[in-house]
Amino acid sequence: MFQNDANFRNTNFLEFAKFESTSFRKTADFTRAIFQSIAIFKSSTFDELATFYHCKFQWHVNFREVTFGENVDLRGAANQEDIKRITGTVRFDDVTFSKTVDFTNREFLNTTSFNDTLFHTHAPVFANTRLHEGTTWHGVQWPGTPDDPIAARDMADAYSHLRRRSNAIQDHEAELDFYGRELRAKRAAVGGATGFLISLYEWSCGFGASVGLPLVWLFGLWASGPPFCRALLRLEGAAEIDGLTLYGFSLASVGGFFGMRKEFFAEFMKDLPGTVLALSGAQSLLGAVFVFLLGLSLRNRFRIK
């Protein structure tokens, strides 16, 4: 246990460095420290600032089950390749980051796991960071989107970095997830009409990640057509049309941009009131939108070029 500040600045750990289950009550400073062998911090607690700025990890690093009570600085040296790289495996499983954590300019050259990690208030910063293809994010608890526009903007930037890093290692599931989180943060940051449009994008297709949502909207668009059409026919005093025909016409209307109305109901539409035709046109327009969003989601889900 370290009751006072723990100063390991510029320390060269030649052999196995074991800080397992260690309690750091004050600032823990490992700035420019060099770990030439395995570094173990498993189950340790950092009550205040923990800084590993320009710290050189030459082998495996284990932060499993660590609790960080304050900000964590894990930035690397931008212009020093040997310092920014972490060559061994890195474990952040079950770690609690209570506030900010910054991985700017780091290069993870081996498998890195953030499984079951808790980011309590801030998304991690991965600006100019290189991730390994073996990076995993299973069971991560992400922070809620803040109400403050500035904090939300910073969170959107953090998720943007993660999205691009995930794209670089072809982790498409993580990329889609971070894209959605980025847009939710942007919505909180900008608000207004732009925020409403972002909400529509989420409700309609889950930011291009959901195949089910567009299908549900298309089904609802088709199923709601006949009741509205029947009500409009009654208001216009027009003759009743049987339900099977109405549901068929509704399906053709949803696919109107594909020529289904003209192909199957050209004669039928000649005797319809203008209000019913307007309803059919609206179905065609919305149908085209949801079909496009369905195609977008399928493309994103299966990485269709």
Side-chain angles (χ1 to χ4, degrees), residues 142 144-145 156 159 163 172-305:
W142 298 100
T145 303
Y159 282 129
R163 172 177 57 81
H172 303 305
E173 290 292 330
E175 180 186 358
L176 287 174
D177 181 53
F178 291 135
Y179 179 58
R181 296 180 186 281
E182 176 188 351
L183 287 182
R184 291 186 190 98
K186 281 185 177 179
R187 177 175 59 198
V190 300
T194 301
F196 178 69
L197 290 175
I198 292 175
S199 294
L200 286 179
Y201 189 26
E202 180 178 20
W203 299 335
S204 60
C205 65
F207 301 121
S210 173
V211 174
L213 278 175
L215 287 173
V216 169
W217 282 109
L218 284 168
F219 177 82
L221 193 61
W222 165 71
S224 63
F228 281 106
C229 185
R230 185 173 284 112
L232 290 173
L233 288 171
R234 288 173 180 172
L235 286 174
E236 296 286 347
E240 288 285 339
I241 302 175
D242 67 276
L244 186 60
T245 301
L246 285 179
Y247 277 101
F249 180 60
S250 181
L251 180 61
S253 297
V254 171
F257 271 79
F258 301 97
M260 294 177 64
R261 285 187 306 172
K262 292 181 179 180
E263 182 70 24
F264 300 106
F265 290 91
E267 293 297 323
F268 174 78
M269 290 192 296
K270 292 180 179 179
D271 298 324
L272 290 178
T275 52
V276 176
L277 292 175
L279 172 64
S280 176
Q283 282 183 288
S284 296
L285 178 61
L286 291 174
V289 171
F290 289 124
V291 167
F292 169 78
L293 293 175
L294 174 61
L296 175 66
S297 296
L298 287 170
R299 175 187 177 277
N300 289 337
R301 181 60 56 188
F302 299 105
R303 305 306 298 177
I304 301 171
K305 298 297 183 181

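Hydrogens, waters and symmetry mates play no part in the numbers below; they use all other heavy atoms, side chains included.
- Within the model, atoms CG of L294 and OG of S204 stand 11.5 Å from one another, a figure rounded to the nearest 0.5 Å.
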Q) Which is it for F207 and E182 under the side chain to side chain contact (heavy atoms under 4.5 Å, CB included) test, yes or no, and what are the steps along the way? A) CA-CA 10 Å; F207 301 121; E182 176 188 351; over 6 Å; no
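- Taking each heavy atom of G225 and Q283 in turn, the nearest pair found is CA-NE2, 3.6 Å.
- When side chains are defined from C-beta on, L232 does not count as touching P273, because their heavy atoms never get closer than 4.5 Å.
- Taking every heavy atom of both residues into account, I198 and L183 meet most closely at CG2-O, 3.6 Å.
- F178 has its ring centre less than 6.0 Å from the ring centre of W142.
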Q: Go through the steps to decide whether Y179 and N300 satisfy the test side chain to side chain contact (heavy atoms under 4.5 Å, CB included), and finish with yes or no.
A: CA-CA 11 Å; Y179 179 58; N300 289 337; over 6 Å; no
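- Within the structure, salt bridge (charged side-chain N to carboxylate O under 4.0 Å, His left out) pairs that include any residue of residues 188-212 comprise R184-E202, R187-E202 (at least two apart or interchain).
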Q: Kindly indicate, with the supporting measurements, whether the criterion side chain to side chain contact (heavy atoms under 4.5 Å, CB included) is fulfilled by F249 and L272.
A: CA-CA 11 Å; F249 180 60; L272 290 178; 3.7 Å; yes
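- Going from atom CG of L235 over to atom CZ of R230 covers 13.0 Å, rounded to the nearest 0.5 Å.
- Side-chain atoms of F290 and V254, non-hydrogen and from C-beta on, never get closer than 4.5 Å to each other.
- Residue F228 qualifies as open at atom CZ: its count of foreign heavy atoms under 6.0 Å is 12 or below.
- Judged purely by atom type and a 3.5 angstrom limit, T194 has no side-chain atom pairing as donor or acceptor with the backbone of V190.
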